[in-house]
**Q** 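The structure's right below; bear with me while I get my questions together.
Just so it is clear, the structure is predicted and the values come from calculations on it, not from any experiment. Numbering of ligands and ligand atoms starts at 1, following listing order.
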Amino acid sequence: MAALTEVDVAPLAPERFESVLDPEQYDSFRQTVDRSRAMFEGRTIWNVNSTAAGGGVAEMLGPLLAYARGAGVDARWIVISGNADFFRVTKRIHNHLHGATGDGGGLGRAEHDAYEGALEPNVSELAARVGPDDVVLLHDPQTAGMVPRLSETGALVVWRCHVGLDMANDIAREAWSFLTPYVTGAAGHIFSREAFSWEGLDRDKITIIPPSIDAFSPKNQDLDRDTVQAILNASGLVRDGARGRPLFTQVDGSEAEVTRQAEIFEDAPLAPDDRVVLQVSRWDRLKDPLGVINGFAEHVAPSTDAHLVYAGPAVAAVSDDPEGAEVLSESHAAWEALPADVRRRVHLAALPMDDGQENAAIVNALQRYADVVVQKSIAEGFGLTVSEAMWKARPVVGTRIGGIQDQIVDGETGYLVDDPRDLEAYGTAVTRLLEDPEGAERIGGEAQRRVRDEFLGARHLAQYLALFQRLRPT
Ligand code: UDP
C-alpha cells in the first residue's frame, strides 16, 4: 500500500486578486505570477504535510497551491501517513514546540526510532518521485525527518515550522534538539515570526513568512445575512429565522448546500437575535476551551445578554490530533458544571467534517454571525482564525501571544489581552465590545483593511517566490 496520498488541487486564477487588492498591490502580484511561471517551467514544487484537513496548515496549502497552479506552476500537495506511535510522538513534539509537555512522555531514542520508522516508507516513496531541479517544502515536525534523504535527490529542500513560542523554554529546546539533526541540512528554514526561530540553526538560512488566508474560499467568501442565517439554521446552530438557502460556492466554482448538522452540547439552540461571542478552534488545551467557557461565565455572562459558542471539528475527523476527544469531553464537563442560567447561554459545537468545504461554510457563517470573536489561546503559532474573523470585519479579542499579536493592533484592529490566564481581562475586553457596537464596528473595519494589506495569499506567494529565487537563482 502506498504511504503517500496526493491531494488533488485544481488551479485557481490568480486574477481573482484584482477584486480585493488595491491597484498597486495587484500590479506587484501580477509580476510575482509572471516571474513564477518563468522560473518553475519544467519543475515541481512538492508540499508535504501530515493531514489534508483540519488545522491551519491544511487550510493554507489548498488555496496557495491552487493559485500557484493557476499561475502555471506544477505545485503539488503530498500527505504522509503514520501510525499511532508516530502521531503520539509528533503531537508531543508539537506541544513541546509550544513550550508545553503535552502527554508528559519523553523524546529519546525510542521516540526517534518510532518517528523514523514511520517516516521511512513515506520518504522512500517521495525520494523516487522528486527530481534534482524540484523544490520540496516540508511542513512541520511530522515531515522534518524527511529532510536528509530528500536533500540527496539534489532538490531544493526547505523546512517550514508553523509553530513556536515567544520566549523559548527548556521544554521547547527538547523538541529543537529532537528535530535539529534532521532539519539542519535543509537549504532553508521558514518560521512564521522572528521570535519562533530556534537557537542553533544557521541564522542565514532562516526566513520569516507569516501565514495568510484565502478571501474566496468557502471559509472566507462573502455571504449575505440571509445565507448566514440559513447555513446556521441548516447546521442546527440557530433555530428558525432562515429566509435564504444554505448555499455557498465551492472551490471549483460550483454551488453547494449545507445539509449536515453539528453535534451540539447545549440546553437550547440559539435564537436568531441572540448576540454571540465565538471561538472557533480545534479541541486542544492550548486553545484554552475551559478558560473561554469559564471566563465567559464569570466575566461576560453576568453583565450582558450574550451567548458563547465554542466551535471545533467533529473529533474523529482530525487524524493527527489524538487529544481532541479528551479535550472535547473536558469542555463538556465544564459546560455541565456551569450554573443553569449561564449554561443555557453556552453552546459547544462539534462541526461536521465529512465535507471540508461544508465545514468551512459553517465556520464562515458563524464568524459572520458573531458579534465578537475571541481567540483566547495559551500558545499559538499564528492563529488563522484571527485573520479569518478580521477579514469579516469582526472585532477580535485575542491573547498577546504568538502570531495573534502580529494580526491585532491593540485598540485599533481588535483587543489584546496580556496574560492568557487572566480571565477577567478577557471578559472585560469582550464586554467592552458588546457594550459599544459602534466602536466594535470601527475596529472591525480597520481589522478588515489590515488583513487585506498583510494577510492575503498574494503577499505570501510573493515571499515564497523571493525565497526560492534567493536559494536557487536559476
Ligand atoms: N477550523 C475549521 N473547522 C473547525 C475548527 C477549525 O475549519 O471546526 C479551521 C479554522 O477556521 C482555521 C483552522 O482550522 O482555518 C485553524 O487554524 P489556526 O491557525 O487558527 O490554528 P491551528 O489549528 O493550526 O492550531
Side-chain angles (χ1 to χ4, degrees), residues 49-64 91 94-95 97-98 100 139-142 160-165 192-193 196 210-215 217-221 235 237 248 258 260 262-264 278-289 292 309-318 320-321 323-324 327-328 331 348-368 370 373-392 394 396 398-399 401-404 406-408 451 455 457:
N49 82 326
S50 63
T51 179
V57 177
E59 181 77 21
M60 266 187 301
L61 279 180
L64 288 178
K91 181 76 191 188
H94 173 94
N95 282 322
L97 286 174
H98 277 304
H139 296 269
D140 276 338
Q142 295 90 341
R160 177 161 188 173
C161 186
H162 291 268
V163 294
L165 79 175
S192 297
R193 54 195 321 258
F196 292 179
S212 61
I213 61 163
D214 182 37
S217 64
K219 176 73 53 72
N220 297 309
Q221 66 192 219
S235 52
L237 286 150
F248 64 97
V258 170
R260 293 185 184 84
E263 187 186 352
I264 310 170
L278 170 73
Q279 177 159 309
V280 175
S281 288
R282 289 177 297 102
W283 305 98
D284 184 318
R285 292 185 188 97
L286 297 177
K287 308 288 184 183
D288 199 18
V292 173
V309 176
Y310 187 110
V315 289
V318 185
D320 68 347
D321 188 1
E323 286 170 17
V327 176
L328 173 56
S331 308
L348 305 182
L351 307 181
M353 291 287 284
D354 314 66
D355 172 346
Q357 300 197 59
E358 179 186 53
N359 174 277
I362 300 171
V363 171
N364 188 345
L366 270 173
Q367 288 169 331
R368 287 182 191 280
V373 173
V374 301
Q375 192 58 53
K376 220 203 83 41
S377 309
I378 289 167
E380 193 65 72
F382 181 71
L384 282 174
T385 48
V386 173
S387 272
E388 289 165 6
M390 288 169 68
W391 178 244
K392 292 157 190 130
R394 299 295 89 200
V396 183
T399 30
I401 46 144
I404 295 178
D406 300 331
Q407 299 172 77
I408 296 177
V451 173
F455 300 113

**Q** So, using side chain to side chain contact (heavy atoms under 4.5 Å, CB included) as the criterion, who are the partners of Gln357 when residues are at least two apart?
**A**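 Partners of Gln357 under the side chain to side chain contact (heavy atoms under 4.5 Å, CB included) test: Pro218, Phe248, Gln250, Val251, Asp355.
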
**Q** Salt bridge (Lys or Arg N to Asp or Glu O under 4.0 Å): which pairs involve residues 51-64, sequence neighbours left out?
**A**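 Found Glu59-Lys219.
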
**Q** Listing by chain and number, which residues have a heavy atom under 4.0 Å from ligand 1?
**A**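 Residues within 4.0 Å of ligand 1: Gly55, Gly56, Glu59, Lys219, Val280, Arg282, Lys287, Gly312, Pro313, Leu351, Asn359, Val363, Glu380, Gly383, Leu384, Thr385, Glu388.
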
**Q** Restricting to ring-ring contact (aromatic ring centres under 6.0 Å, His included), what partner residues turn up for Phe455, sequence neighbours left out?
**A**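 With neighbours one apart ignored, the set is Phe382.
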
**Q** Applying the side-chain contact (heavy atoms from CB on, under 4.5 Å) criterion to Tyr310, which one of Val280, Leu278, Val292 satisfies it?
**A**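 Running side-chain contact (heavy atoms from CB on, under 4.5 Å) over Val280, Leu278, Val292 with Tyr310 returns exactly one hit, Val292.
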
**Q** Can any side-chain N or O of Glu388 pair as donor or acceptor with the backbone N or O of Gln367 at less than 3.5 Å?
**A**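 Between the backbone of Gln367 and the side chain of Glu388 there is no qualifying donor-acceptor contact (under 3.5 Å).
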
**Q** When you measure from the side chain of Asp140 to the backbone of His162, do you find a donor-acceptor pair of N or O atoms at a distance under 3.5 Å?
**A**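 Yes; at least one donor-acceptor contact below 3.5 Å.
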
